[in-house]
Amino acid sequence: MLRTKIREILDRDSAGDDVLVQGWVKTRRSSRNVTFLQINDGSTLKDLQVVADESLSNFADADSLTTGCSVSISGQLVDSPGKGQRFEIHAKSLEVMGLADPDTYPLQKKRHTVEFLREIAHLRPRTNTFGAMARVRNTLAFAIHRFFQERGFLFLQAPMITASDAEGAGAMFRVTTLDLDQLPIKNGAADSAEDFFGEPTFLTVSGQLEAEIFALALSDVYTFGPTFRAENSNTSRHLAEFWMVEPEVAFCELDGLTELAEDFLKYIFTYVLDHCPEDLAFFNQWYDESVISTLEGIASSSFERMTYTEAVDILQRSGEKFEFPVHWGTDLQSEHERYLTEKHIGRPVIVTDYPKEIKAFYMRLSDDGKTVRAMDVLVPRIGEIIGGSQREERKDILLERMRESGLDEQNYWWYLDLRSYGTVPHAGFGLGFERTVQFATGMPNIRDVSPFPRTPKSAGF
RNA sequence: UCCCGAGUAGCUCAGCGGUAGAGCGGGCGGCUGUUAACCGCUAGGUCGCAGGUUCGAAUCCUGCCUCGGGAGCCA
């Protein structure tokens with residue numbers, strides 16, 4: 001008999017057939033002559049109830065199963081007389097595939113803290129929380145590809161190793177094959193000529209510059225892959241390794257980009273609402289009772305738009321006591337962003353046109369000479385979920401901005417070439433994938449929406 | 001990196017100067033259909049590590065480690 005996934009069994013219209021299920025025991029409840037097993041195989045949040053009685057030749061085995069044991073069970077699917085489930089299986093045969101010694105198996109049939117589960121990250125996928133997280137994460141990743149593919153965007157794989165050491169997005173991890181215990185020294189420093197690539201190389205912090213290269217040939221592209229930041233950030237919103245989605249669109253200005261960002265977020269959140277209702281209900285019940293209503297709100301309402309100048313004005317007149325005072329020219333702090341999106345508007349907010357001094361060199365300078373065509377999408381609880389801009393496509397102005405930022409134009413000769421030959425207006429943004437999963441699930445800590453989170457002093461799994 | 005807070009049984013925590021506790025989980029027994037089942041019995045701890053104060057330290061002090069919350073950096 002072929003194995004049937006529990007999700008497929010529970011979706012059936014009627015009982016009656018014999019089925020084979022394979023999975024892990026969540027709990028066992030025993031009376032003298034009958035044992036109830038709850039089996040989960042990860043295909044859905046729900047467990048399948050298996051009823052074993054003395055008609056089973058190895059009933060004693062069934063009666064001794066504990067949480068975490070793996071089993072293969074065949075039997076008839078029947079309507080359940082008990083409350084709590086529609087169907088159950090009356091076991092005709094039961095094979096114990098792997099035991100899980102209850103003296104040492106760390107998962108119990110009760111709630112564990114996420115902090116404890118991080119210490120046993122190899123077993124936490126077996127919990128309801130991490131199973132649901134993995135399914136939501138998978139669905140969001142699929143929705144992201146669908147959104148862009150439906151719009152004719154080309155999926156571009158940006159390199160993970162780069163020789164550009166100043167992409168302006170934070171500290172980078174060095175990539176080297178040099179023997180750190182016996183470094184070749186030249187002029188008092190490590191001799192990179194001896195290194196694998198013959199020059200210093202790093203893990204990428206962004207695929208944006210490479211995406212621009214292809215956008216200026218293929219029009220609409222997106223990257224979706226891992227990026228790395230060696231910042232010593234210890235917060236619930238930062239990882240040293242995280243996935244980023246970076247669309248780059250040619251013949252597009254800032255207004256078109258904000259529309260794309262809004263359509264994009266609405267699409268992926270609508271998609272996850274439609275395809276993961278049970279998992280979202282789980283998060284709504286146990287982690288954040290406003291998750292579903294927030295996602296529904298985003299899907300159905302338009303995002304607020306305001307300029308940085310307007311945002312500063314709102315903050316200054318809010319009467320709120322901020323730890324950091326607000327004035328034009330400084331970047332918005334977390335508390336300011338959250339005030340805007342959570343209290344003042346109550347919905348996602350797109351803030352545009354920031355002072356050029358606080359933004360990257362490649363963002364397009366506006367006619368006022370003071371602001372750049374940048375945008376941040378702010379959402380409740382997370383703050384900044386998307387950051388993007390229209391890119392500076394005018395070579396002379398780009399050169400001037402690079403000099404102001406203290407960058408060596410020699411290192412960006414190819415980036416400048418794109419402006420020398422057939423330059424066009426273009427724009428793009430970056431979306432932190434884990435922050436998106438965090439937002440969609442209500443999980444408070446980003447370490448719990450990554451299968452294997454990397455943070456300072458932690459790469460154990 | 002900075003500011004707070006916490007580390008006591010497998011897990012979640014109480015105890016906060018007088019010599020170690022509970023619930024859950026585990027083991028054993030009971031129970032004819034349970035829903036994180038229920039009932040009874042039971043085992044289980046260098047109280048994060050290292051110093052110090054004290055007649056006496058889980059409890060007070062110092063340092064370190066780990067974890068968490070907030071901030072900065074950002075996605």
Side-chain angles (χ1 to χ4, degrees), chain A residues 25-38 46-54 63-64 66-68 78 80-85 88 90 100-120 127-128 167-171 205-208 226-246 286 322-324 330-338 358-360 376-379 382-388 429-439 444-450 455-458 460:
Chain A
V25 174
K26 266 280 173 50
T27 70
R28 189 202 78 224
R29 295 178 289 272
S30 291
S31 315
R32 187 189 194 88
N33 301 317
V34 62
T35 281
F36 300 90
L37 299 168
Q38 278 188 222
K46 288 180 182 159
D47 304 322
L48 181 66
Q49 174 159 286
V50 172
V51 185
D53 59 28
E54 289 173 306
D63 195 41
S64 65
T66 54
T67 302
V78 300
S80 176
K83 292 195 170 94
Q85 62 282 316
E88 64 188 25
H90 281 191
D101 182 355
D103 281 343
T104 56
Y105 187 65
L107 294 176
Q108 302 170 4
K109 49 182 173 185
K110 67 164 197 168
R111 289 188 78 187
H112 287 106
T113 60
V114 290
E115 290 83 8
F116 171 66
L117 293 173
R118 274 175 223 150
E119 298 170 9
I120 50 167
T127 63
N128 288 336
E167 290 170 8
V205 295
S206 162
Q208 179 198 316
T227 53
F228 308 86
R229 305 280 166 89
E231 301 286 352
N232 189 16
S233 296
N234 294 286
T235 81
S236 57
R237 304 184 309 281
H238 291 85
L239 292 169
E241 174 180 335
F242 64 99
W243 279 51
M244 193 149 59
V245 181
E246 295 180 285
W286 295 104
F322 293 116
E323 190 185 344
F324 297 93
T330 57
D331 210 354
L332 301 179
Q333 305 288 317
S334 288
E335 57 177 341
H336 305 141
E337 294 179 344
R338 294 186 63 161
I358 59 173
K359 289 293 182 183
D376 283 356
V377 181
L378 312 178
V379 295
I382 304 292
E384 184 182 342
I385 194 170
I386 281 178
F429 64 75
L431 168 103
F433 184 52
E434 281 76 9
R435 285 191 184 172
T436 307
V437 180
Q438 226 184 324
F439 183 73
N445 196 309
I446 200 166
R447 295 172 178 101
D448 302 316
V449 296
S450 170
T455 53
K457 302 280 183 292
S458 176

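Naming convention: chains lettered A, B, ... in sequence-line order (proteins, then strands); numbering from 1 in each chain. Treat the numbers as computed from the prediction; the structure is a model and nothing was measured.
- Scanning atom types as modelled, no donor and acceptor separated by under 3.5 angstrom connect the side chain of A:R111 and the base of B:rC24.
- Comparing B:rA50 with B:rU8, their P atoms sit 15 Å apart, to the nearest whole Å.
- If you run side chain to side chain donor-acceptor pair (under 3.5 Å) between A:Q38 and each of A:K26, A:Q49, A:E88, A:R29, only A:R29 comes through.
- With C1' as the reference atom, B:rG70 and B:rA57 are 32 Å apart, rounded to whole Å.
- Counting only heavy atoms from C-beta on, A:E337 has its side chain closest to B:rC74 among B:rC74, B:rG25, B:rG27.
- Rounded to whole angstrom, the span from the CG atom of A:D101 across to the P atom of B:rG10 amounts to 14 Å.
- We find that CD of A:Q333 is positioned 15 Å from C1' of B:rC3, with the value rounded to whole Å.
- The nearest whole Å value for the distance from the NZ atom in A:K110 to the P atom in B:rC24 is 10 Å.
- The partner of B:rG29, taking Watson-Crick or G-U wobble pairs whose two distances both stay under 3.5 Å, is B:rC39.
- For the pair A:H112 NE2 and B:rG10 P, the interatomic distance rounds to 13 Å; values are reported in whole Å.
- Spacing between atom CZ of A:F116 and atom P of B:rG48 amounts to 18 Å, rounded to whole angstrom units.
- By the salt bridge (Lys or Arg N to Asp or Glu O under 4.0 Å) test, A:D376 is found to be paired with A:K359, residues two or more places apart in sequence or in another chain being considered.
- Here A:T113 reaches the OP1 or OP2 of B:rU12: one of its side-chain N or O atoms lies under 4.0 Å away.
- Of the candidates B:rG27, B:rA37, B:rC24, B:rG27 carries the atom nearest the A:T66 side chain, counting heavy atoms from C-beta on.
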Close N/O contacts between protein and nucleotides 65-70 of chain B (under 3.5 Å):
unit_1, atom_1, unit_2, atom_2, d
B:rG68, OP1, A:R118, NH1, 2.4
B:rG69, OP1, A:N445, ND2, 3.1
B:rG69, OP2, A:N445, ND2, 3.3
B:rG70, OP2, A:S236, OG, 3.4

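- Picking from B:rU34, B:rC73, B:rG72 the nucleotide with the shortest atom distance to the side chain of A:H238 gives B:rC73.
- For B:rA37, the base is not stacked against the aromatic ring of A:F36, per a cut-off of 5.5 Å between centres and 30° between planes.
- The side chain of A:T27 lies closest to B:rA36 when the candidates are B:rG33, B:rU34, B:rA36.
- Partners of A:R28 under the salt bridge (Lys or Arg N to Asp or Glu O under 4.0 Å) rule, at least two apart in sequence or in another chain, do not exist in this structure.
- Between A:D47 atom CG and B:rA37 atom P there is a gap of 11 Å when expressed in whole angstrom units.
- Remark: P of B:rC74 and CD of A:Q208 are 14 Å apart, rounded to the nearest angstrom.
- One C1' atom belongs to B:rC24, the other to B:rA43, and the distance between them is 16 Å to the nearest Å.
- With a 3.5 Å ceiling on both atom-pair distances, the Watson-Crick or G-U wobble partner of B:rC60 is B:rG52.
- Separating the CG atom of A:D63 from the C1' atom of B:rU34 is a distance of 13 Å, rounded to the nearest angstrom.
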